[in-house]
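None of the values given here were measured: they were computed from a predicted structure.
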Amino acid sequence: MASFTAGTKTVSSAGTRVQVTTTPTPVRRVRFQAPPGNSGITYVGGSDVASSVAGIEFSAAGGSETVDFTEGRPGDLAEFYCDSASDGDKIHYMAVLV
């Protein structure tokens, strides 16, 4: 039986990336979603994510992306960061744990 984790990260200051979690969390799949209440573009990617180094880009109107780790090693939720173009925007995540 698969285990799940879910949560929300808030980017308090636009242009300041935030690590999704600081705890190593091996995952098979993770889904990111920008809530419709966001006022600007939100970005999810690696430790260098920013508006100029965009990973996955989410419009303010929402949208979601799923990242699968099916080959080789599992992914780690701690490897993901988010940033936004507007203060206080959020990113939701839900992951299937290894």
Side-chain angles (χ1 to χ4, degrees):
M1 182 170 181
S3 295
F4 298 89
T5 188
T8 300
K9 287 307 282 192
T10 301
V11 179
S12 299
S13 299
T16 305
R17 69 184 137 266
V18 178
Q19 192 172 10
V20 172
T21 181
T22 58
T23 304
T25 308
V27 296
R28 292 260 180 241
R29 172 181 286 173
V30 61
R31 181 177 182 93
F32 295 101
Q33 182 174 14
N38 281 358
S39 56
I41 297 172
T42 307
Y43 308 91
V44 174
S47 62
D48 61 347
V49 73
S51 59
S52 60
V53 185
I56 303 168
E57 186 175 306
F58 298 91
S59 70
S64 64
E65 287 288 333
T66 300
V67 180
D68 285 312
F69 301 95
T70 55
E71 296 181 26
R73 70 175 181 83
D76 193 321
L77 197 55
E79 295 175 357
F80 289 95
Y81 290 74
C82 54
D83 199 350
S84 67
S86 301
D87 292 348
D89 280 352
K90 302 174 183 340
I91 197 79
H92 298 313
Y93 62 89
M94 184 179 83
V96 177
L97 302 174
V98 173

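Side-chain N or O atoms of Thr23 include none that pairs as donor or acceptor with a backbone N or O of Thr21 at under 3.5 Å. At least one donor-acceptor pair closer than 3.5 Å links the side chain of Arg17 to the backbone N or O of Ser47.
Note: His92 NE2 to Lys9 NZ = 13.5 Å, rounded to the nearest 0.5 Å. Considering CD of Glu79 and OG1 of Thr25, their distance stands at 10.5 Å, rounded to 0.5 Å. Note that CD1 of Ile41 is 10.5 Å distant from OG of Ser84, once rounded to the nearest 0.5 Å.
When hydrophobic clusters are built by joining Ile, Leu, Val, Met, Phe, Trp and Tyr residues whose side-chain heavy atoms come closer than 4.5 Å, directly or via intermediates, Tyr93 is grouped together with Leu97. Val30 and Ile56 fall within the same hydrophobic cluster, where Ile, Leu, Val, Met, Phe, Trp and Tyr residues are linked whenever their side-chain heavy atoms come under 4.5 Å apart, directly or through other members.
Between Val49 and Gly55, the closest heavy-atom pair is CG2-N, 3.8 Å. Across Ile91 and Cys82, no two heavy atoms sit closer than the pair CG2-SG, 3.6 Å. Pro74 and Val98 make their closest contact through CB-CG2, 3.4 Å (heavy atoms, listed as atom of the first residue, atom of the second, distance). Across Asp83 and Ser13, no two heavy atoms sit closer than the pair OD1-O, 4.5 Å. Taking both residues in full, the closest heavy atoms of Ala34 and Ser59 are given as CB-O, 4.1 Å, listed atom of the first, atom of the second, then distance.
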Given Phe4 and Val96, is the side-chain contact (heavy atoms from CB on, under 4.5 Å) satisfied, shown in steps?
CA-CA 5 Å; Phe4 298 89; Val96 177; 3.6 Å; yes

Checking Val11 against Val18 for the side-chain contact (heavy atoms from CB on, under 4.5 Å) test, could you report, in this order, the C-alpha distance in whole Å, the side-chain angles of both residues, the deciding distance, and whether it holds?
CA-CA 6 Å; Val11 179; Val18 178; 4.3 Å; yes

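Between Ser86 and Asn38, every side-chain heavy-atom pair lies at or beyond the 4.5 Å cut-off.
Sorted by first and then second residue, the ring pair (Phe, Tyr, Trp, His ring centres under 6.0 Å) pairs with a member in residues 32-55 read Phe32-Phe80; sequence neighbours excluded.
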